[in-house]
Amino acid sequence: MKRLDAGRSHPVTFRLNGRERTGHAEPRLLLSDFLRHDMGLTGTHVGCEHGVCGACTVLIDGHACRACLTLAVQVDGRDVETVENLAEDGVLNDLQQAFRRHHALQCGFCTAGILMSCTDFLARNPRPREADVRDMLTGHLCRCTGYTGIVRAIVEVAEQRSGSTTEENEHV
Amino acid sequence: MATATQESTTSALGERQTRLEDDALLRGLGQYADDLATTPGTLQAAVLRSPHAHARLVALDAGEALAMPGVHAVLTGADVQRWAAPLPVGVRQPMEHWCLAVDRVRYVGEPVAVVVADSRYLAEDALDAIRADYEVLDAVVATEAAVAGDAPVLHEAVGSNVVNDRSFSYGEPDRAFREAARHVSLKIDYPRNSCTPIECYVVVARYDPADGGYDVAANFQGPFALHSVMARALKVSGAGLRLRTPPDSGGSFGIKQGVLSYVVLMALAARKAGAPVKWVEDRLEHLQAASSATNRVTTIEAAVAEDGRIQGLRYDQLDDCGAYLRAPEPATFYRMHGTLTGAYAVRNLAVRNRVVLTNKTPSGLNRGFGGPQVYFALERLVQHVAVELGLDPLTVILRNLIPADAFPYRAPAGSLLDSGNYHAAVELARTGGGLQELEERRAAARAAGRYYGIGFAAVVEPSISNMGYITTAMTPEERRRAGPKNGAVSTATLTVDPLGSVSVQIASVPQGQGHRTAAAQVVADVLGVPREAVSVHVALDTGKDAWSIASGNYSSRFAGAVAGAVHKAATRARDRLARIAAAQMGADPGDLVFADGRIHDRNDPARSLSFHRAAGAVHWSPGLLPEDEPGGLRETAFWSPPELAAPDDDDRINSSLCYGFVFDYCGVDIDPVTGRVTLDRYVTTHDAGRLLNPDLVDGQIRGGFAQAVGAALYEELAYGDDGSFRSGTLADYLIPTAAEVPEPVILHQETPSPFTPLGAKGVGEGNNMSTPVCIANAVADALGQRDIRLPLTPSRVREMIGITESEPPAAHAAPSIEAPAGGSTLRATGVVELEADADTVYHAMLDPGVLSRIIPGCHALEQDGDNAYRADVTVGVGLIKARFEARVSLTDLDPPHALRLNGAGSSAVGTAEGGAAVRLSPREGGGTQLAYDYQAAVTGKVASVGARMLQGASRVVVDQIFARLRQEVDGPGASAGDRAWGRRFRAWLLRLLGRGGAP
């Protein structure tokens, strides 16, 4: 296991949204702080710093992870994707558009984390039932919407992507 | 002058539309307070907070902290006393609320010092190095106990914890009670909760020594009447505090009003540091010390006729505002004052309101503000009246509702209910929501032996607060001396630039409600331009923008008031443009129609002028304008409704401008084994006047409903008897997730308000008022219970069902010990199998060298007597890390069978005290069995982490002590499991630890 000196900054080289980036971090620096303050990507939000609210969720090597429970030095050599990478050629992707259509956000603070979790979730579960979507969403707290629009948006995108209706086509 | 008519063929108002806000937010390009660019050299702040609920602050020494690398300054109470004044208080009492503790702390989490450093990490490191000495005082936590004569008094100069006591009488309540056939009463204990935005407080402050002024950006939500409070605390003029809000805010729900004391605090920290200072509140700080709704104890009584008609009501309310009466308190009481009779035609009302202070966090705005507390009492009472009289609750509701022909209706305490048809709304709900089917489901469930209940709630939802309502806390005589306060000024500014672009500035400080979208719709409608052509700015700068004391986002004032001001500003601009265009076109201004980005002559469809051409003329060719037209185009409109008068001499107060109606019912199914309450169906019916954007309205309803489900079933800001705070993480303060929030059936009725420009009323808070009590009524119905306390957690419901929890099985061979007093108590028992014999184990535990190695986080251990030591120990739990000065001792020695390992520690963030009874017994086939029973109590910040995380964490720490002991006595190779265990422990810690906790 690699040992790092606690008092020093260490180089962290990783792919961030498809581009190789290098920054420096003390071992205790959280990935959430590193992304926001050192990499300048403030789309990833911090809501609790103990892994419950889910606002800071990013993809590390394609897996949804809490940036607030990850140390910056842990992403050295890895691939990190944040909400800023979702739009394709400047156009909102299907998930983002569905969120807008279904009023799946109000203040928008929790949204980035939910979008990143969904990205991972839909890649692994192309045909989720609504109950699966709600189960996945239990890893996120939204105080504004009551979740209705979020669930509708995800279910709709899953249907569109898989070209068919979900098994349990029961809209909320 | 003729007025231009407005006939837009593409009216956006009232239609479902997507939001202008969403594009940027979905890309991660929102500009929340922590995202704003800061000046180079901006430093970061961390706040040292009181670990005690009530104590004298004897000494504070920041010398060591100041010597640490990267630390620039430490702000203390002495600085605050030199530069600032206490925050002004809304009642005449000799209370001092400083933004930083001066000589006494009155709640856990009260700011005691601010460290300013190069980074937040370094600032938090330095918090550990500040020495704060306290002399702990008795705390008072329970509201009723605080009223008792022998209670510890928080503010000695006041002499009592009741800081405001007013009695009111409207109509003839005594006579009504004397003559009534029945009296029905209930006592209610409404808990503390908070709508907890996901974004916490953020403040960025700067001090300008040249002009002595402060420039502060904060995610403050208003009301901007509090700007005066902040400026006075900073001892500057209004202009001396330039307060800015960010373009986006991550939710507030009232709670971000409470950032006001941190605006003052960080402004002073910036002054002390001589540099801009930024502070970002963390979640533990937020839950523990930001703000909350008041908890309230109410005794409510109704005088009722046999047919269920309520002839009189009596309220005796104790509102618990926490340790300080922070502005705008005691507003929680008076926001609802004119509306205390709810949706009912009750003419006789007696009220006693006492504002009580206890050793808890100061209260403040919270969505529903005052409504949940009032309606929980009133609607529980109505349900109970039905039970007492053997009537159906809906029958009692219908018999008492204000009749449709009575509007506008003056309620006895002063509210002028603007419009409504309550009976029609109930009928809509009954048929549209399928009440009959629900009743059949209840009958079937009960026949099958299940607990199923139906609850109702009828509430009047006030919106657009009268800024004068708070003065109802004063006597008429005091009000006369202070001068009348009333009204609610809303404002909007519309600008048309030389290229014809329209921009609007509003002072409504939204936190996700879509104000930009709605304002753009209003303007687009009036000016006949596409919605996308209207840019709306919501970041407020008190130094430049139009604002007033009512500015901000609260009391659901947007649709009714702010949208009206936008409409007024847009109409003025349109009327000016119509005159200008009419002159150019040779038409009558009254004949011009604004549509499709052009100005048309209704009499001659061929004649039209583009909007930007007409608008451009005011900038490019003012000489060609009609004579009295000055050129330029910027219109600022202010609007205050005349209906919002000051309280009269009989204490009647029209506390709000609009009053919507919400009628809810629900069916709940209660699991007889787990006590879990499941919402089978929830129907909510709203009459909020004219709907400006139905999607935004439904979004507000669903959001409020979800929060209310949390308040009903899960959420409570919990305190120990000693005032320790016990729900400092989101693992203990439980916010409902997508799995817990069902989809409500939403129904609308539209009875326009005659008092707002667009006929709209507020709609943002109704379910926060109606839903908790509606669910409680359903549970009361299901279980046949009278006393219902929120939140209805499974354990509380099991208790009501009559299921007693069985005692946990006693750990074998473990002697029990007394729990130390106070704080959060933790207990763990366990058994460790050791290969060494009892004698070896026993003597290892008496060896200071071994002790220093087995106590986790032990930096140093010195002998301090027989089997007594002083130790320096760092413990990290959850988001926090604390360095304790500990005393460790071994007592009750019974070699080699038993001993007791004791520890007591104090740190800047709280105390910890514990003991482990250890018993050694020989194992069959050799070796020793070590059984321990460990109990500990923690106070302060550590306790705030909450029991859920603490239990797990203490278990890890204790397991670690004995696992290390095994390594000491059996040797490192003794247990192959240890290394795996160590890895698991590290992984667990990593999951738990926040920024302070890198291993």
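Heavy-atom basis, side chains included; hydrogens, waters and symmetry copies ignored. Proteins come first, then strands; the chains are lettered A, B, ... in the order of their sequence lines, and each starts at number 1. From a predicted model like this one, the values you see are computed outputs, not experimental measurements.
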Checking [X] against chain A: side chain, backbone, both or neither under 4.5 Å from a heavy atom?
| X | result |
| --- | --- |
| P742(B) | neither |
| E199(B) | both |
| L696(B) | side chain |
| D35(B) | both |
| S252(B) | neither |

Side chain to side chain donor-acceptor pair (under 3.5 Å) partner of N767(B), chosen from Q700(B), Q707(B), R702(B), H686(B):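 When side chain to side chain donor-acceptor pair (under 3.5 Å) is applied between N767(B) and each of Q700(B), Q707(B), R702(B), H686(B), only H686(B) qualifies.
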Proximal component of [X], with respect to chain B [non-hydrogen, under 4.5 Å]:
| X | result |
| --- | --- |
| T111(A) | side chain |
| V46(A) | backbone |
| Y147(A) | side chain |
| R36(A) | side chain |
| H102(A) | neither |
| L92(A) | both |
| A87(A) | side chain |
| V52(A) | side chain |

Mind checking whether [X] and [Y] have side chains closer than 4.5 Å, heavy atoms only?
| X | Y | value |
| --- | --- | --- |
| F34(A) | L71(A) | no |
| K256(B) | S249(B) | yes |
| T57(A) | R66(A) | yes |
| E715(B) | S727(B) | no |
| T44(A) | C56(A) | yes |
| P510(B) | F558(B) | no |

Choice from [options] maximising heavy atom contacts with chain B below 4.5 Å:
| options | result |
| --- | --- |
| T82(A), L105(A), I150(A), L115(A) | L105(A) |
| A104(A), G47(A), C107(A) | C107(A) |
| M136(A), E84(A), E26(A), H140(A) | E84(A) |

For each of [options], tally heavy-atom pairs with chain A at distances under 4.5 Å, and name the one with the top tally.
| options | answer |
| --- | --- |
| G699(B), A739(B), A738(B) | A738(B) |
| E21(B), Q511(B), R27(B) | R27(B) |
| I198(B), L29(B), D248(B), D23(B) | I198(B) |

side-chain contact (heavy atoms from CB on, under 4.5 Å) between R531(B) and T517(B), intermediate numbers included: CA-CA 8 Å; R531(B) 189 184 68 161; T517(B) 300; 3.3 Å; yes
With rounding to the nearest 0.5 Å, note down the distance linking CG in D698(B) to CZ in F705(B). 13.0 Å
Between E49(A) and R120(B), does at least one N-O distance fall below 4.0 Å, as a salt bridge requires? no
Do NZ/NE/NH1/NH2 and the carboxylate oxygens of D76(A) and K2(A) come within less than 4.0 Å? yes
Under 3.5 Å donor-acceptor, H10(A) side chain and D5(A) backbone: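 Answer holds: yes.
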